[in-house]
Amino acid sequence: MVSTILPLTMTNVAVRRRGKRLLGPVDLEVGGLGLTIIIGPNGSGKTTLLRAMHGVERLSAGAVRWSVSEEEARHRQAYVFQTPIMLRRSVADNLRYPLQLLGAPRAEVSRRVNDWLARIGLEERASLQATRLSGGEKQRLAVARALIRRPDVLFLDEPCANLDGASTRAIEALLRTALDEKTRIIMTTHDLGQARRLASDAIFMLHGMVHETGAAERFFGTPRTDELQAFFRGDIIA
Ligand SMILES: Nc1ncnc2c1ncn2[C@@H]1O[C@H](COP(=O)(O)OP(=O)(O)OP(=O)(O)O)[C@@H](O)[C@H]1O
């Protein structure tokens with residue numbers, strides 16, 4: 001087995017629906033370590049790009065490739081939705097489920113579930129029905145459930161939308177832990193503060209196209225295009 005499914009290579013990727021181009025053509029390569037932030041105005045194609053990377057968006061043209069087979073790549077990546085989806089089971093069972101699917105030994109499952117319950121501060125709620133958690137708790141659980149199987153790549157679509165400062169901080173702490181453990185993260189956000197705090201590199205989407213990319217320091221420090229400069233100023237971009 002190769003050590004990682006990366007790099008991810010997108011070649012000439014386009015998504016069209018009912019004659020409208022939602023994305024592309026996009027040529028992009030994501031490799032190495034760190035966290036890639038995808039930013040851009042509403043409707044610019046951030047979610048469509050993320051879904052295309054993850055292989056759940058039907059492509060009209062082009063290809064998305066990993067360094068391994070499609071099937072292996074699928075098993076070694078995870079995706080967290082903006083609105084967390086909870087299994088109608090206990091908090092602990094939500095964490096247990098992906099490990100059981102992997103066929104992990106029982107002792108190992110218990111150890112990892114307890115470890116992650118502690119990391120997300122939900123030990124006391126382990127047996128509570130997960131659907132009864134607060135929004136912030138659900139999102140922590142959703143991120144933990146994605147990370148518990150140690151994916152090579154984690155995709156997150158606006159993971160902190162509608163969360164307050166404390167909940168956002170808790171999610172960011174989880175992501176930092178994942179980065180330390182060498183998970184490659186790719187996420188969308190509308191929160192430019194969060195983008196600056198977390199990004200090692202960034203992608204600016206505009207009208208379904210990748211408009212500008214770069215390493216975080218350069219991207220945020222000296223944006224090259226007028227449109228990205230305007231976006232950072234908070235101007236409305238048509
Ligand atoms: N299945 C679909 N059929 C038709 N149009 C779609 C479909 N999915 C998305 N769109 C449109 O594609 C465009 C890009 O949507 P996308 O969700 O990728 O944008 P976004 O940048 O993530 O937006 P936001 O910041 O509002 O979440 C939007 O105009 C959206 O209305």
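Each ligand, and each atom within it, is numbered from 1 in the order the structure gives.
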What protein heavy atom is closest to [atom], reported as residue, atom name and distance in Å?
atom: atom 14 (C) of ligand 1; result: G43 O, 3.5 Å
atom: atom 29 (O) of ligand 1; result: K20 NZ, 3.2 Å
atom: atom 24 (P) of ligand 1; result: N42 ND2, 3.5 Å

Which class fits the ring pair H211 and F204: parallel under 30°, tilted 30 to 60°, perpendicular over 60°?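 Correct class here is perpendicular.
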Under 30°, 30 to 60°, or over 60°: which ring-plane class applies to Y79 and F155, parallel, tilted or perpendicular?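 Correct class here is tilted.
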Residue portion contacting ligand 1 (non-hydrogen atoms closer than 4.0 Å) for [X]:
X: T47; result: both
X: K46; result: both
X: M205; result: neither

For D115 and R119, what are the C-alpha separation, side-chain angles and deciding distance, and is it a salt bridge (charged side-chain N to carboxylate O under 4.0 Å, His left out)? CA-CA 6 Å; D115 175 31; R119 288 196 202 193; 3.3 Å; yes
Should G208 be listed as contacting ligand 1, given a heavy-atom distance under 4.0 Å as the test?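 Heavy atoms of G208 never come under 4.0 Å of ligand 1.
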So is S44 close enough to ligand 1, meaning a heavy atom under 4.0 angstrom away?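 S44 counts as a contact of ligand 1 under the 4.0 Å cut-off.
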More than 12 non-hydrogen atoms from neighbouring residues, nucleotides or ligands closer than 6.0 Å to [atom1] on [X], yes or no?
X: R125; atom1: CZ; answer: no
X: N162; atom1: CG; answer: no
X: R176; atom1: CZ; answer: yes
X: E108; atom1: CD; answer: yes
X: R132; atom1: CZ; answer: no

Side-chain heavy atoms nearer than 4.5 Å, only ILVMFWY residues, links allowed to pass through others: does that put L50 and F81 together?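 Yes, L50 connects to F81 through the hydrophobic network.
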Heavy-atom nearest option to atom 5 (N) of ligand 1, drawn from L206, T188, I39, L22: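 The residue whose heavy atom sits nearest atom 5 (N) of ligand 1 is L22.
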Below 4.0 angstrom from a heavy atom of [X], which ligand 1 atoms are there? Numbered from 1 as shown, please.
X: T48; value: 14 (C), 15 (O), 16 (P), 18 (O)
X: H190; value: 25 (O)
X: R17; value: 3 (N), 4 (C)
X: P41; value: 21 (O)

Could you check whether atom 31 (O) of ligand 1 has a protein contact, counting only heavy atoms that fall below 4.0 angstrom?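 Flag for atom 31 (O) of ligand 1 set to false, no protein heavy atom closer than 4.0 Å.
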Return yes if a side-chain donor-acceptor contact under 3.5 Å exists between D180 and T177, otherwise no.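 Short answer, no.
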Flag G45 as yes when one of its N or O atoms lies below 3.5 Å from any N or O atom of ligand 1, and as no otherwise.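 Yes, there is a polar N/O contact under 3.5 Å.
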